[in-house]
There are 2 protein chains.
Amino acid sequence: MSTETLGEKLRQIREQNELPLRKVSALLDIDVAILSKMERGERKLSKEVVLKLADIYKCNPEELLVLFLSEKIMYEIQDEDLGEKALKVAEKRVKYLKANKTK
Amino acid sequence: MSTETLGEKLRQIREQNELPLRKVSALLDIDVAILSKMERGERKLSKEVVLKLADIYKCNPEELLVLFLSEKIMYEIQDEDLGEKALKVAEKRVKYLKANKTK
DNA sequence: ACTATTTTTGACACTTATTGTCAATAGAAT
DNA sequence: ATTCTATTGACAATAAGTGTCAAAAATAGT
């Protein structure tokens, strides 16, 4: 399985596209330093930045967003013994919400 | 399925034990106002408070902790369409981490 | 209805996290 | 050596979370 972080993946994609941080950060309208830190996991990414990056790199946003969200989830349960149980409960609730969305 | 929040559950348990906020907050060493807000979801609960409450009410901490964690998870994925996928990815990662815990 | 008790509400100060800006440093490529 | 690229850390600005308190509202007891 992939154990790559979102930041690592984004760096990889950027390098494949042969774009320097300078150019990407200009397109994103954020400081180079911040983007550098984001790719190395020193700063958090926002959903907006992730979507913009998917656009810039012309890649599927879904994969990136799923990774983005799952990292936020992982952060919450860190090394909790009950993390897995909590995930299952959350899954049930999401399904429940989805089923009753329109009601 | 239970759609009860942690706060609601804690209030229910407190009322079953016929304890006023005043007494419980004294045992917790926090302000009455804060506890009131925690039960109504206006303030976040901390893991420590949850554990202390399980102790005070002499109830199983696991159930409360799982609810506590799952609410934090739910907060992260809110009404994201990809929430369910993200949960599944997180689950895989947790399992992966658990399997490689001792390595 | 009056009183005492419990609970809720909001204002406020205080602390902690997060975020953006910038300049200096380090590294890589030509 | 110079230029381009990337990293680092210090700093200020902002936002988010927390604790404290007192007044108001709701509830219960007499």
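We name chains A, B, ... by the order of the sequence lines, and we start the count at 1 in each one.
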Rounded to the nearest Å, what distance is computed from the [atom1] atom of residue [X] to the [atom2] atom of nucleotide [N]?
X       : N      : atom1 : atom2 : value
B:Glu18 : C:dT7  : CD    : P     : 12 Å
A:Arg22 : C:dA28 : CZ    : C1'   : 15 Å
A:Arg40 : C:dA26 : CZ    : P     : 15 Å
A:Arg43 : D:dA10 : CZ    : P     : 13 Å
A:Leu21 : C:dC22 : CG    : C1'   : 16 Å
B:Lys37 : D:dT18 : NZ    : P     : 12 Å
A:Leu45 : C:dG20 : CG    : P     : 11 Å
B:Glu39 : C:dT6  : CD    : C1'   : 12 Å

**OP:** Give a yes/no answer on whether the side chain of B:Arg11 brings an N or O atom under 4.0 Å of OP1 or OP2 in C:dT6.
**Re:** no
Original post:
What nucleotide, of D:dT8, C:dT8, D:dA6, holds the atom closest to the side chain of B:Ser36?
Top reply: C:dT8
Original post:
Among C:dC22, D:dC21, D:dT5, which is the nearest nucleotide to the side chain of A:Asp31?
Top reply: C:dC22
Original post:
Closer to the 5' end of DNA chain D via nearest nucleotide, is it A:Ile34 or B:Lys44?
Top reply: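 Closest to the 5' end, via its nearest nucleotide, is A:Ile34.
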Original post:
Is there side-chain contact between B:Leu64 and B:Lys9, with at least one heavy-atom pair below 4.5 Å?
Top reply: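 With C-beta onward as the side chain, the pair touches.
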Original post:
On DNA chain C, nearest-nucleotide positions of B:Ala33 versus A:Ile30: which is more 5'?
Top reply: B:Ala33
Subject >> Under-4.0 Å salt bridge between A:Glu8 and A:Arg40 >> reply: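 A:Arg40 and A:Glu8: not salt-bridged.
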Subject >> Flag, side chain of A:Asn60 to backbone of A:Glu62, donor-acceptor distance under 3.5 Å >> reply: yes
**OP:** Give a yes/no verdict on a cation-pi contact between B:Lys72 and A:Tyr75, requiring under 6.0 Å between NZ or CZ and the six-membered ring centre and an angle within 45° of the axis.
**Re:**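 Geometry flag: not set, cation outside 6.0 Å or 45°.
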